[in-house]
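On a predicted model such as this, the values are computed, not experimentally measured, just so you know. Below, each value reflects all heavy atoms present in this structure, side chains not excepted, and no hydrogens, waters or symmetry copies. If you read the sequence from its start, that first residue is 1, and numbering goes on from there.
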Amino acid sequence: MTDAPAKPHRVVIVGAGFGGIEAAFGLAGAPVEITLIDRRNHHLFQPLLYQVATASLATNEIAWPIRYLLRDRHEVTTLFANANGVDVAGKRVLLDDGENVPYDTLILATGARHAYFGHDEWEPFAPGLKTLEDATTLRRRILVAFERAERETDPERRAALLTFVVIGAGPTGVEMAGTIADLANDTLPRDFRHIDTRKARVVLIEAGPRVLAGFPEDLSAYAQRSLESLGVEVILGQAVTECSADGVVYGGNTLAARTIVWAAGVRASRAAEWLNAPADRAYRLQVEPDLTVPGHPEIFAVGDTVTIKDPDGNPVPGIAPAAKQEGRYVAAMIKARLAGRTLPPFRYKHAGSLAQIGKRLAVIDFGWLKLRGALAWWIWGIAHIYFLIGLRNRLSVALSWLWIHARNQRAARLITQGSSKVGQ
């Protein structure tokens, strides 16, 4: 009588963002059976999401079907489903339709959503930017505002339609504000007959003392000057205290605006709640140095789901390269465990920080080298194109950017999934 063959080690990955998909890639060749669960059918290149929101790129240029990416990995099963809990004792991921998926090792890469600091009622008026749906919603609101302004005869209502408020001056806020200004100043003027789109107001509001607070002060100051040269009004040291269909209130001032973009904060998914595990104020899991959940060595967590410190004692930033490094580390750790070995603790290696300011300017901080201006913009573009998946997408994005650079035209100016009513 022969022994039954050993069952493959079951790895379940919840979330197909940068960390989750990198872990799946890293486990290639391991004696494992992988189930990848995501409530969307695509992997998204989030750093360029704002370019969809501002009509620079189409959705299919920055997103890929998960099944397509893993089509040659026969040990991977992809589930289009929504996880809403974990049965730790039974080692099962719970799905919202009542089904469950058993695991031997679990990787939580469930990401984050925008946070409104206790004012979730602001979300309908000030959408954030984390998903393709968020991006197309913002694109629709921005373009509809110009369309409605073209028909509006009342000066005050027209001014409100042509006022765009971005809350939060981190990289997303700076990139959004600069690109909306480019859209109004360079792309749209020849398309309208009754309004001058160059008179649109783009207002960037930041509660802190400077834009791009994570960058060195000289690059931050350059970014602010560059934004102001594009016509962006930068308001610092003022927290927004109200968002509504009529506009925003900050520092006791009321600003009438019909389009508001939230870029001021994020909160992690409910993973810490699922596990009854320690978390920080943004609900990020506090993990062990090997990215496992305290008390549960069989559960890893990566990306925006977690908080962990780098070798210098600073929090690892919630950016794509960090999530990818964590995903690769977890895959290597699982392989090592299956081979009876272990690995040293995770060590994050910061490659640099990049932010675009308008279509021809950027700032880059490599630590050992700081760049600004047009050269930084070219390096920013090359870096982002390099990290896209597939030759077709790289060529498509490169051609779109070259067309914008040369002709000031954005081909993705389509209003979809809504009516002509502002705010929809």
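Residue-environment remark: CZ (Arg372) exceeds the threshold of 12 foreign heavy atoms within 6.0 Å. Tyr283 OH: 12 or fewer foreign heavy atoms inside a 6.0 Å radius. Heavy atoms from other residues, nucleotides or ligands lying under 6.0 Å from CZ of Arg347 number 12 at most. Dense packing is recorded around CG of Asp312, with more than 12 heavy atoms of other residues, nucleotides or ligands lying under 6.0 Å away. Heavy atoms of other residues, nucleotides or ligands lying less than 6.0 angstrom from OH of Tyr68 number 12 at most.
Considering only heavy atoms from C-beta on, Leu188 comes within 4.5 Å of Arg413 through its side chain. Contact annotation: the side chain of Val261 never approaches that of Phe164 to less than 4.5 Å [non-hydrogen atoms, C-beta and beyond]. You'll find the side chain of Val86 stays beyond 4.5 Å of the side chain of Val14, heavy atoms only. For the pair Arg139/Thr416, a side-chain contact is recorded, criterion being any heavy-atom separation below 4.5 Å from C-beta on. Using a 4.5 Å cut-off on side-chain heavy atoms (C-beta onward), Phe18 and Pro47 make contact. Using a 4.5 Å heavy-atom cutoff, the side chains of Ile21 and Leu36 are in contact. Contact check for His350 versus Asn314: no side-chain heavy atoms found under the 4.5 Å cut-off. Counting heavy atoms from C-beta on, the side chains of Cys243 and Ile167 come closer than 4.5 Å.
Judged purely by distance below 3.5 Å, without hydrogens or angles, the side chains of Asp96 and Asn82 pair a donor atom with an acceptor atom. Thr131 and Asp134 share a side-chain donor-acceptor pair at under 3.5 Å. A side-chain donor from one of Thr110 and Ser269 sits under 3.5 Å from a side-chain acceptor of the other.
Ala83 and Val93 make their closest contact through CB-CG1, 3.8 Å (heavy atoms, listed as atom of the first residue, atom of the second, distance). Closest approach of Glu61 to Ser400, counting heavy atoms only: OE2-OG, 3.1 Å. Among all heavy-atom pairs drawn from Pro102 and Val12, the shortest one is O-CG2, 3.4 Å. Listed here is the closest heavy atom pair of Phe25 and Leu69: CE2-O, 4.2 Å. Of all the heavy atoms in Ser220 and Arg210, the pair that sits closest is CB-NH1, 3.1 Å. The two residues Val266 and Ala112 make their nearest non-hydrogen contact at CB-CB, 4.4 Å.
Ring to ring, Tyr222 and Phe215 are not that close: their centroids are 6.0 angstrom or more apart.
Between the CD atom in Glu33 and the OG1 atom in Thr77 there is a gap of 6.5 Å [rounded to 0.5 Å]. Taken to the nearest 0.5 Å, the CZ atom of Phe146 stands 15.5 Å off from the CZ atom of Arg141. Distance check: Glu22 CD to Lys324 NZ gives 4.0 Å after rounding to the nearest 0.5 Å. From Leu183, atom CG reaches atom OG1 of Thr54 across 7.0 Å, with rounding to the nearest 0.5 Å. Rounding to the nearest 0.5 Å gives a distance of 10.5 Å between CD1 of Ile334 and CG of Leu343. The CG atom of Asn41 lies 6.0 Å from the CZ atom of Phe80; values are rounded to the nearest 0.5 Å.
At least one donor-acceptor pair closer than 3.5 Å links the side chain of Arg394 to the backbone N or O of Tyr386. Remark: the backbone N or O of Gly208 is paired with a side-chain donor or acceptor of Glu206 at under 3.5 angstrom. Looking at Asn60, its side chain never comes within 3.5 Å of a backbone N or O of Asn393 through a donor-acceptor pair. In this structure a side-chain-to-backbone donor-acceptor pair under 3.5 Å is missing from Glu123 to Asp120. Judged by distance alone, the side chain of Lys335 and the main-chain N or O of Ala28 form a donor-acceptor pair under 3.5 Å. Looking at Thr179, its side chain never comes within 3.5 Å of a backbone N or O of Met176 through a donor-acceptor pair. No donor-acceptor pair under 3.5 Å is formed between the side chain of His43 and the backbone N or O of Trp64. Using a distance-only test at 3.5 Å, with no hydrogens or angles considered, a donor-acceptor pair links the side chain of Glu150 to the main chain of Arg193. Thr305 places a side-chain N or O within 3.5 Å of a backbone atom of Gly111 that can act as its donor or acceptor partner. No donor-acceptor pair under 3.5 Å is formed between the side chain of Arg113 and the backbone N or O of Lys130.
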**Request:** Report the C-alpha distance between Gln51 and Trp401 in whole Å, list the side-chain angles of each, state the deciding distance to 0.1 Å, and finish with yes or no for side-chain contact (heavy atoms from CB on, under 4.5 Å).
**Result:** CA-CA 10 Å; Gln51 297 228 346; Trp401 284 348; 2.6 Å; yes

**Prompt:** Going through the distances and angles, do Gln224 and Leu236 end up as a side-chain contact (heavy atoms from CB on, under 4.5 Å)?
**Reply:** CA-CA 10 Å; Gln224 180 175 342; Leu236 302 174; 3.4 Å; yes

**Message:** Using the rule given for side-chain contact (heavy atoms from CB on, under 4.5 Å), can you reason through Val240 versus Tyr250, listing the C-alpha separation, both sets of side-chain angles and the distance that settles it, and then say yes or no?
**Reply:** CA-CA 4 Å; Val240 170; Tyr250 64 92; 4.3 Å; yes

**Message:** If you apply the rule salt bridge (charged side-chain N to carboxylate O under 4.0 Å, His left out), what do you find for Asp104 with Arg10, and how did you get there?
**Reply:** CA-CA 5 Å; Asp104 297 310; Arg10 297 170 300 181; 3.2 Å; yes

**Message:** Walk me through whether Thr59 and His42 qualify under side-chain contact (heavy atoms from CB on, under 4.5 Å).
**Reply:** CA-CA 11 Å; Thr59 55; His42 54 266; over 6 Å; no

**Message:** For a ring pair (Phe, Tyr, Trp, His ring centres under 6.0 Å) check, start with the C-alpha distance between His114 and Tyr116, then their side-chain angles and the critical distance, and finish with the verdict.
**Reply:** CA-CA 7 Å; His114 25 273; Tyr116 292 86; 5.7 Å; yes

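No salt bridge links Glu152 with Arg258; every basic N to acidic carboxylate O contact stays at or beyond 4.0 Å.
Among Val232, Val234, Ile357, the one residue that satisfies the side-chain contact (heavy atoms from CB on, under 4.5 Å) test with Val174 is Ile357. Each of Leu369, Ile379, Leu219 was evaluated against Ile364; a single residue qualifies, Ile379, per the side-chain contact (heavy atoms from CB on, under 4.5 Å) test.
Between Trp380 and Trp377, the ring planes lie parallel to each other; the angle is under 30°, not in the 30° to 60° tilted range.
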